[in-house]
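Everything numeric here is computed off the predicted structure, so don't read it as measured data. Both backbone and side-chain heavy atoms feed into the values below; hydrogens, waters and symmetry mates do not.
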Amino acid sequence: MITALLLLAAAPAVSAELSPKLECAALAGRAIPAKAIALATGGAVIREAGLNGEVCTVSGAIAPVDPQAPEIQFRVLAPVKWNGKSWHLGGSGSNGVIPPLAAFRGIGAPPGAPALVSQGFALYGGDSGHQAGNAWITNEESWRNFAYEQLKKTHDAAFEVLRMLFGEAPRVSYFAGTSQGGREALQVVTRYPEDYDGVISAVPLAYFGGLLIDPTVKGVTQLAPGAWVPPDKAAAVRDEILRLCDSLDNLDDGVIGNYAACNARLDSSVTANPLQGIRCPEGKDAGNHCLSDAQIATVNSFHSPVKFGYKLASGETDWPGWGTGMEGAFGWLLSASQPDVSNPKAFNAGLGTALQKGRLDGSQDFNLLTLDLAKHRTQIQAISDLLDVREDFSGFLKRKGKLIIITANSDYIANPRATMRFYERVVARHGQAAVDSAVRFYVMPHAGHGMSGASARGVPLPQFHDLMAHLQDWVEKDAAPPEPVIQTRRDPKSPAAVLGSRPLCRYPAYPRYKGSGSPDDAASFACESGR
């Protein structure tokens, strides 16, 4: 029987509604002076404004200082019956487009949840200061915009639009972002803490510098004969990791719940010879059911740190190994074909490669498979210095802001162990008590970058939660999120009936099966430390 805890927390009560002081269309053509934006710009202009039903849609552009840099395009959605609150939405991938504001229902929202704008919130976001193409990557103003400056510029321009329309700025200010937007969420906490009361950061690219370089390092590692691991061997790796880790959460169900223990068990810098159980006879490749010694070394490198040999912006000298749990799934770290330095086209495509090329060499013709960590030290450190999030939460803690972070342990796009390290460094800097007063960090076991997943037996897992409503309660009512938060699995058809649940535990805890009760009921689990 599904526990009563599954009921979603009610969103905070809507403030007294604010009405526009002028017609929406009257905003078109208005200028936003450069002095209204805290960072250096050429000012901004509202290019279009008009009603779409009961929502005023405003589109504008922020001019650069450098005439060679692209403008920042931004958009504001303001309900004509506004509750006085706003959500700034982060981007995704390498950005370049304005986030889909009108459709945004919330991070982790269940099927059928209403869009935030329909609930009375104003929403805004920008394209981060570039559009199509790659020329912007080598422009210093555009690069700083992408790193973090566009966040402040877009915030200030959007607030000015709302002042023009309603006569006042938002009374409560939130930020939400996933992936690249998750990194941006952490950037506003550390760089612009006075601008936001509450922030939610999902599967963030916290140490983005290391994340950009890591797949290239793995490609270079597999140039040697025999080092490549064909995708056909993924099932053998998955089955071995399940054998080693599935029961660590006291339940053999094809789900690796105790992610911390499994990560340590597979990390060869912590546990010697973790994949010895699927070593081919004499260490020579003998088929898809086993790995050669060279292939074991490659897979071990996926789960173990990359050593840079020098410090990055965070002070770290390595990049954490990846999490475990979904090695048999599409999108794991295996290359479709063996990397070949003389035929780099297949490897030199995809998310992040243009950024690497532009900042490592200044040319999109650069062959990433010629990367040398020592030779490219200066460029790698510069990338890290601008893109990586700092661990200084002093300003945010002082203003009593609230932050929720959620990551997924089987995410092979944003390294979850890097997010864990980031959180641990924040705690080391400020102390656990101070962090607990303002931050909640959750880890979803056996889930990917989309914060969804299925067991190794193909059973869908709970993925829906109400963290955004919990954040609002924390900010506006001083009511911290419940312990634990409950995640649900739901019928995709209306009315989205609850089909199962599990607890979403605060790091470093994981959901441990109590030994009895339905595995589909959160009440059958307890959050316990995986360390």
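- Screening Ile213, Leu355, Val389, Ile383 for a side-chain contact (heavy atoms from CB on, under 4.5 Å) involving Phe208 leaves a single residue, Leu355.
- Between Tyr174 and Phe121, the angle of the ring planes goes over 60°, which puts this pair in the perpendicular group of the 30/60° scheme.
- If you look at Trp319 and Phe308, their ring centroids are not closer than 6.0 Å.
- Neither side chain, Thr190 nor Asp392, offers a donor N or O lying under 3.5 Å from an acceptor on the other.
- His88 pairs by the side chain to side chain donor-acceptor pair (under 3.5 Å) definition with Tyr196, not counting sequence neighbours.
- The number of heavy-atom neighbours closer than 6.0 Å to CD of Glu168, taken from other residues, nucleotides and ligands shown, is above 12.
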List the steps and the verdict of salt bridge (Lys or Arg N to Asp or Glu O under 4.0 Å) for Glu316 and Arg425. CA-CA 10 Å; Glu316 298 294 284; Arg425 288 174 63 86; 2.4 Å; yes
Please evaluate residues Glu149 and Arg144 with respect to the criterion salt bridge (Lys or Arg N to Asp or Glu O under 4.0 Å), reporting the C-alpha separation (whole Å), side-chain torsions for both, the decisive distance (0.1 Å), and the verdict. CA-CA 6 Å; Glu149 287 191 354; Arg144 290 195 309 275; 3.5 Å; yes
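- Judged by distance alone, the side chain of Thr488 and the main-chain N or O of Arg490 form no donor-acceptor pair under 3.5 Å.
- Remark: Asn52 CG is loosely packed, at most 12 non-hydrogen atoms of other residues, nucleotides or ligands lying under 6.0 Å away.
- Side-chain atoms of Ser201 come within 3.5 Å of backbone N or O of Gly182 as a donor-acceptor pair.
- The aromatic rings of Tyr412 and Trp332 lie perpendicular to each other, with more than 60° between the two planes, well past the 30° mark.
- Under the 30°/60° scheme for interplanar angles, the aromatic rings of Tyr124 and Phe159 are found to stand perpendicular.
- Lys218 is linked by a side chain to side chain donor-acceptor pair (under 3.5 Å) to Asp214, counting only residues two or more places apart in sequence or in another chain.
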Applying side-chain hydrogen bond (donor to acceptor under 3.5 Å, both in side chains) to Asn263 and Thr324, what does each step give before you reach the verdict? CA-CA 6 Å; Asn263 289 345; Thr324 54; 3.1 Å; yes
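- Note that CD of Gln180 is 7.0 Å distant from OG of Ser94, once rounded to the nearest 0.5 Å.
- Using modelled atom types and a 3.5 Å distance limit, the side chains of Asp388 and Ser384 yield a donor-acceptor pair.
- Taking the six-membered ring where tryptophan is involved, the planes of Tyr423 and Phe441 are tilted, since the angle between them lies from 30° to 60°.
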